[in-house]
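Would you mind keeping the following structure in view while I ask a few things?
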Amino acid sequence: MDKAYDHKKHEREIYKKWEGSGAFKPGKEGKQFTVLMPPPNANASLHAGHAMYTIDDIVVRWKRMQGFSTVWIPGTDHAGFETQYVYEKELAKQGKSRMDFDRKTLYENIYKFVKDNSGLIYKQFKQLGFSADWERSVFTLDEKVLNRVWKTFMQMEKEGKVYRDEYIVNYCTHCGTSLAELEVVHEERTDPLYYIKYGPFELATVRPETKFGDTGVAVHPKDKRYTKFVGQEIEVEGLLGKFKVRVIADEMVDPDFGTGVVKVTPAHDPNDFEMGKRHGLSVKQVIGIDGRLNELTGRFQGLKVAEAKKQVVEELQKAGLMIEIDENYKHSVALCYKCRRVLEPMVMPNWFIRVDELKKPVIKVVENEEVKFFPKRFKKQMLQWLKIMHDWPISRQIAWGVKIPVWYEIEPENDNIYVWWLDKNSQLQQGVASEILKRGTPLSEIEEGLQRVKAKTGEAAPKYKVALDKPGENYLPETDTFDTWFSSGQWPLVTLSEEEYAARLPTDFMGTLEDILKFWISRMIMFSLYLQKVIPYRDVYLWSMVADAKGVKMSKSKGNVVNPIELVDKFGADALRMAMIFGVAPGSKIPLSDEKVKGMRNFANKIWNMGRFIELMFEAYGKEVEFYKEELFRPRLALEDMEIIKKLTKTVDVVNRGLEKYRFADAAEAIYEFLWHQLADVYIEKVKKREDKEVALSVVRHVYLTALKLLHPFMPFVTEAVWSEIKDLRKYPDQMLITSRWPV
RNA sequence: GGGCACUUAGCUCAGCUGGUUAGAGCGCACGAUUCACAUUCGUGAAGUCGGGGGUUCAAAUCCCUCAGUGCCCACCA
């Protein structure tokens, strides 16, 4: 054996051996144990967060050694919005944008992009030693997933759980899609608050540029100052001349804010939208999906929102309508979580799922702990969120995703379908579908270059059919795609085959990052209960962010991002894995530093050298030892022999209990302490002085081999490496550690 | 504004349902070492357990309160 453990010399080879032996496949015997891998983005490369999948691997290896028929099913996610965003950045480098492509081409290009960039993450997972059954890998755009997702949608549509509605959504004019509330990030900003003259009132607003879309003005019902105006139509002087709005009284207005008067712009503010709905105000859209003011804004048409605001403010001042400007107004603004631009609340048609009924059983299984959360506090977080969860907007206006299987019927006399498409010369065109057809453009041309279809909702909505294929001549497809979580939410049902449901559902363990608790965990429980009347898994273990040595969250802007693969190169996979676990409480941040990983590399080396020492001792004294394979010299054991055996038994116990409770650090620390400070520092030092070497060696061999098993789930490579180096000292020299029996 | 955590050695953190000298990893100081390992070994310094109050024979551990930090949610015209 070499003097020091060189991970580079062993890791690759050992992994090949495992994989080639079929060790990652479920055994034919034993109870089923199933773990699903949270699918990383298909085109992603490994980041520190992924390294935490180590926890899943520990559980899987542990159960496999315990004799369960264990399988860890991996997969990748198409990650709709995330991926399209990355792709568009690539496009921008070539001076192009998504607007240069029809939808079909854009999808195909992204598909190719993803294919070209996928595979890397699995390679990296393998470098970390993950023992998943790679041949079972599922991609969320695989045929079987698509079929399942469409089937689900059709069932929900049939049962009235799906509806279309005009709804105010957060729209990112840069990314070209609406976002669910969950995807919105809020940021505290200081912006000017404008006090303007507004008919008989004065009022405060941060968005004077939306004034063109005002259809009402609101006061608090109990605000005596304004009671006499309620219900009246008032005339307001505006930049485009005078206009009339109705005064409404609504509880939502805070009489203490500003002057206690609010202008109501239902098309461009979520609260105003709600208020408008309550009082029957009309919705007047003045900002388009391109982020520019539209034809209803006169000379301001075509200006981007920020520029429009500037000009409107100037003109209000000139017109004497501006009273004062508070420059230090603090409020939070909604930002796109991806591009960090300010979102534009916008009214547009969306597909929704009614969650009231669907979430009830979810709340039940969380409350009575059929699904258990580790650490426990996430149960509360989950319940809190489930209770306020409202209808889920599942449509996204991006090309990269699972298409919504719906077709709209174009009626000759109806203007309820609006389309954007690239014509024969690749020029972007838009207009009302029925009118375009009347003007002689064939439907086939629109379909060919189709970018987007926007169909009205409510009474004006066109008839539609739910179908995968075009149901008739005069139809245009829905161009929206499903929210990524709509497909990944069905993960347990698509990774397992239907024949396996009975045996492997619920699955046993789900370890994932806490920040997708609401996006993903909740939806999986919901879909599994709705579609199969079964919970998707019994135990959910949430891990937290991987942070730097100081406990600060890693981020590119702070420059403290650690690349796990570099650490693996430097110190070995075992060292990184152990560093992720050691000294980390469940649910807390995981501080990662070179020093820590280095320390664990030293531990790996210690393990190696203990093996080396034992081998050398057996070479020197082995001939005299009746060491019939892993047996102890029971009748001649010394007191210190009994002691170390007792300590081993205790360690087995602590490791088991730690793993059972998902207290991985407890388990890891116990085995670390035992191997290094009990076995190496104390017992082995005594062995050197023993006269009855044959007895001591039988003990050291037994204890060491057993301890290697305990350590294997945490540090699989080095343990497997020494295990194989000292094969002649073992009873079954050909047996691999990965499939050996867990000590009891 | 509502909720959930956290505040213990220089740093990052363990200390479960209260009970003998409060622990680990890293770091630090001093020393050792041809005999498995310098990716080593030994010895050691270092904490009034965020502040205040309470319960108890006994509190880092339970309760109240104050302060700070982090996270989740809601909302901000």
Side-chain angles (χ1 to χ4, degrees), chain A residues 1-7 181-182 186 188-189 191 193-196 198 203-208 210 214 217-219 250 252-254 257-265 269-272 275 329-334 375-385 387-389 514-515 517-518 544-545 547-553 571-572 575 578-579 582-617 620 657 661 663 665-666 668-670 672-673 676-677 680-681 684-685 687-688:
Chain A
M1 283 172 80
D2 294 338
K3 206 169 168 188
Y5 173 63
D6 178 3
H7 62 269
E181 305 113 280
L182 277 175
H186 295 273
E188 186 92 339
R189 291 249 174 115
D191 281 314
L193 180 65
Y194 305 97
Y195 284 82
I196 57 174
Y198 205 85
L203 59 78
T205 178
V206 284
R207 301 207 58 187
T210 62
D214 292 358
V217 62
V219 298
D250 195 285
M252 197 182 259
V253 180
D254 176 2
F257 184 93
T259 56
V261 183
V262 194
K263 70 190 197 63
V264 186
T265 322
D269 182 279
N271 285 326
D272 293 6
M275 252 195 288
Y329 176 62
K330 270 196 189 148
H331 65 152
S332 79
V333 292
K376 220 175 170 175
R377 68 185 145 94
F378 290 110
K379 175 186 172 183
K380 278 187 189 167
Q381 219 185 82
M382 186 76 180
L383 283 174
Q384 186 191 356
W385 185 72
K387 276 168 189 161
I388 59 157
M389 176 185 188
E514 67 167 77
D515 59 359
L517 180 70
K518 290 162 305 215
S544 182
M545 288 294 168
D548 69 8
K550 295 270 175 213
V552 179
K553 190 174 161 177
F571 302 113
M578 196 64 168
F582 200 92
V584 177
S588 65
K589 281 179 305 195
I590 297 130
L592 196 60
S593 63
D594 264 42
E595 283 67 35
K596 190 171 180 193
V597 182
K598 193 172 147 196
M600 295 302 150
R601 188 272 316 262
N602 295 355
F603 179 53
N605 188 56
K606 191 76 189 178
I607 299 306
W608 174 263
N609 268 289
M610 287 165 78
R612 182 163 178 251
F613 171 78
I614 291 168
E615 190 189 41
L616 293 174
M617 290 302 270
R657 264 188 296 149
K661 290 186 188 161
R663 296 190 54 100
D666 289 2
E669 284 164 30
Y672 176 99
E673 156 73 18
W676 199 326
H677 301 305
D681 290 351
I684 284 183
E685 289 307 311
V687 170
K688 290 178 184 172

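Chain naming here is simple, since letters A, B, ... match the order of the sequence lines and numbering starts at 1 in each.
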- [ ] Using a heavy-atom cut-off of under 4.0 Å over every strand shown, decide if A/Lys598 touches base, sugar-phosphate, or nothing.
- [x] nothing

Task: Pairing residues for A/Phe257 by the ring-ring contact (aromatic ring centres under 6.0 Å, His included) criterion, not counting sequence neighbours - done: A/Tyr329

Task: Beyond-backbone contact of A/Val261 with A/Tyr198, side-chain heavy atoms, under 4.5 angstrom - done: no

- [ ] With C1' as the reference atom in both, quote the distance from B/A58 to B/G19 in angstrom, rounded to an integer.
- [x] 7 Å

Open item on the list: With a 4.0 Å cutoff (strictly under), does any side-chain N or O of A/His331 reach OP1 or OP2 of B/C75?
Closed with: no

- [ ] Would you mind reading off the distance between A/Lys606 atom NZ and B/G25 atom C1', rounded to a whole angstrom?
- [x] 16 Å

Task: Spacing of the P atoms in B/G2 and B/C11 (rounded, Å) - done: 33 Å

TODO: Considering only atom C1', compute the distance from B/C71 to B/C57 and round it to an integer number of Å.
DONE: 40 Å

Task: Partner residues of A/Phe603 under the ring-ring contact (aromatic ring centres under 6.0 Å, His included) criterion, sequence neighbours left out - done: A/Tyr672, A/Trp676

Open item on the list: What's A/Tyr329 touching, base or sugar-phosphate or nothing? Going by heavy atoms closer than 4.0 Å.
Closed with: sugar-phosphate

TODO: Determine the contact category for A/Lys596: base if any of its heavy atoms lies under 4.0 Å from a base atom, sugar-phosphate if only primed atoms, P, OP1 or OP2 are that close, otherwise nothing.
DONE: nothing

Task: Separation of B/U39 P from A/Met610 CE (nearest whole Å) - done: 19 Å

Task: A/Tyr5: partners by ring-ring contact (aromatic ring centres under 6.0 Å, His included), with sequence neighbours left out - done: A/His10, A/Trp608

TODO: Check A/Ala4 against A/Asn605 and note the closest heavy-atom contact, atom names and distance.
DONE: CA-OD1, 3.4 Å

Open item on the list: Please classify the nucleic acid contact of A/Arg663 as base, sugar-phosphate, or nothing, using heavy-atom distances under 4.0 Å.
Closed with: sugar-phosphate

Task: Distance, rounded to the nearest Å, where A/Glu669 contributes CD and B/U12 contributes P - done: 17 Å

Open item on the list: Within the 4.5 Å heavy-atom criterion, are A/Phe613 and A/Ile684 side-chain neighbours or not?
Closed with: yes

Open item on the list: Considering every strand and a 4.0 Å limit on heavy-atom distances, what is the contact class for A/Val253: base, sugar-phosphate, or nothing?
Closed with: base

Just the table, please: protein N/O against nucleotides 2-5 of chain B N/O, every pair under 3.5 Å.
| from | atom 1 | to | atom 2 | distance (Å) |
| --- | --- | --- | --- | --- |
| B/G2 | N2 | A/Gln384 | NE2 | 3.0 |

TODO: Have a look at A/Ala218 and say if it touches a base, only the backbone sugar-phosphate, or nothing, with a 4.0 Å heavy-atom cut-off.
DONE: nothing

Task: Nearest atoms (heavy-atom pairs only) where A/Asp250 meets A/Met252 - done: OD1-N, 2.8 Å

TODO: For residues A/Tyr195 and A/Ala204, report the shortest heavy-atom separation together with the two atoms involved.
DONE: CE2-CB, 3.8 Å

Open item on the list: Can you confirm whether A/Glu615 sits close enough to A/Met1 that some side-chain heavy atom of one is under 4.5 Å from a side-chain heavy atom of the other?
Closed with: yes

Task: Comparing A/Arg612 and A/Tyr5 on RNA chain B - which has the more 5′ nearest nucleotide - done: A/Arg612

Task: Touch class at under 4.0 angstrom, heavy-atom based, for A/His677 against every strand present - done: sugar-phosphate

Task: Nearest-Å distance once atom P is located in both B/C75 and B/A9 - done: 40 Å

Open item on the list: If you compare all heavy atoms of A/Lys263 against all heavy atoms of A/Thr205, which two are closest, and at what distance to 0.1 Å?
Closed with: CE-OG1, 3.5 Å

Task: C1' atoms of B/G51 and B/A67, separation to the nearest Å - done: 7 Å

- [ ] Identify all stems in which RNA chain B takes part, counting only runs of at least 3 consecutive pairs (Watson-Crick or G-U wobble, each distance under 3.5 Å), and give each as one range with another, ordered by first number.
- [x] B:1-7 with B:67-73, B:10-13 with B:23-26, B:28-32 with B:40-44, B:50-54 with B:62-66

Task: Rounded C1' spacing from B/U17 to B/C28 in Å - done: 37 Å

Open item on the list: Applying a 4.0 Å non-hydrogen cut-off, can you work out what A/Glu685 is touching in the nucleic acid: base, sugar-phosphate, or nothing?
Closed with: base

Open item on the list: Classify A/Gly258 by what it touches in the nucleic acid, base, sugar-phosphate, or nothing, heavy-atom distance under 4.0 Å.
Closed with: nothing

Open item on the list: With heavy-atom distances below 4.5 Å as the criterion, would you say the side chains of A/Leu203 and A/Val262 are in contact?
Closed with: no

TODO: Please list all pairs passing the salt bridge (charged side-chain N to carboxylate O under 4.0 Å, His left out) test where one or both residues lie in residues 586-601 of chain A, with sequence neighbours left out.
DONE: A/Lys570-A/Asp594

Open item on the list: I'd like the C1' distance from B/G47 over to B/C13, given in whole Å.
Closed with: 14 Å

- [ ] For A/Asp272, report the nucleic acid contact type (base, sugar-phosphate, nothing); a contact means any heavy atom under 4.0 Å.
- [x] nothing

- [ ] May I ask you to evaluate whether A/Asn602 reaches the phosphate of B/U40, defined as a side-chain N or O under 4.0 Å from OP1 or OP2?
- [x] yes

Open item on the list: What is the separation between atom CH2 on A/Trp608 and atom P on B/A36, rounded to the nearest whole Å?
Closed with: 16 Å

Open item on the list: Please compare A/Leu616 and A/Ser588 by the position of their nearest nucleotide in RNA chain B and report the one closer to 5'.
Closed with: A/Ser588

- [ ] Check the geometry between A/Phe257 and B/A77 and answer yes if their rings are stacked (centres below 5.5 Å, planes below 30°), otherwise no.
- [x] yes

Task: Rounded C1' spacing from B/C62 to B/G15 in Å - done: 16 Å

Task: Spacing of A/Phe613 atom CZ relative to B/A36 atom P, expressed in whole Å - done: 6 Å

- [ ] Ignoring backbone atoms, test whether A/Lys589 places a side-chain nitrogen or oxygen under 4.0 Å from the OP1 or OP2 oxygen of B/C6.
- [x] no

- [ ] When you get a sec, tell me which of B/C73, B/C41, B/A14 is the closest nucleotide to the side chain of A/Lys518?
- [x] B/C73

TODO: Quick one: label A/Leu193 by what it contacts on the DNA or RNA (base, sugar-phosphate, nothing), any heavy atom closer than 4.0 Å.
DONE: sugar-phosphate

TODO: Identify whether any heavy atom of A/Ile388 sits under 4.0 Å from a base atom; if not, whether one sits that close to sugar-phosphate; answer base, sugar-phosphate or nothing.
DONE: sugar-phosphate

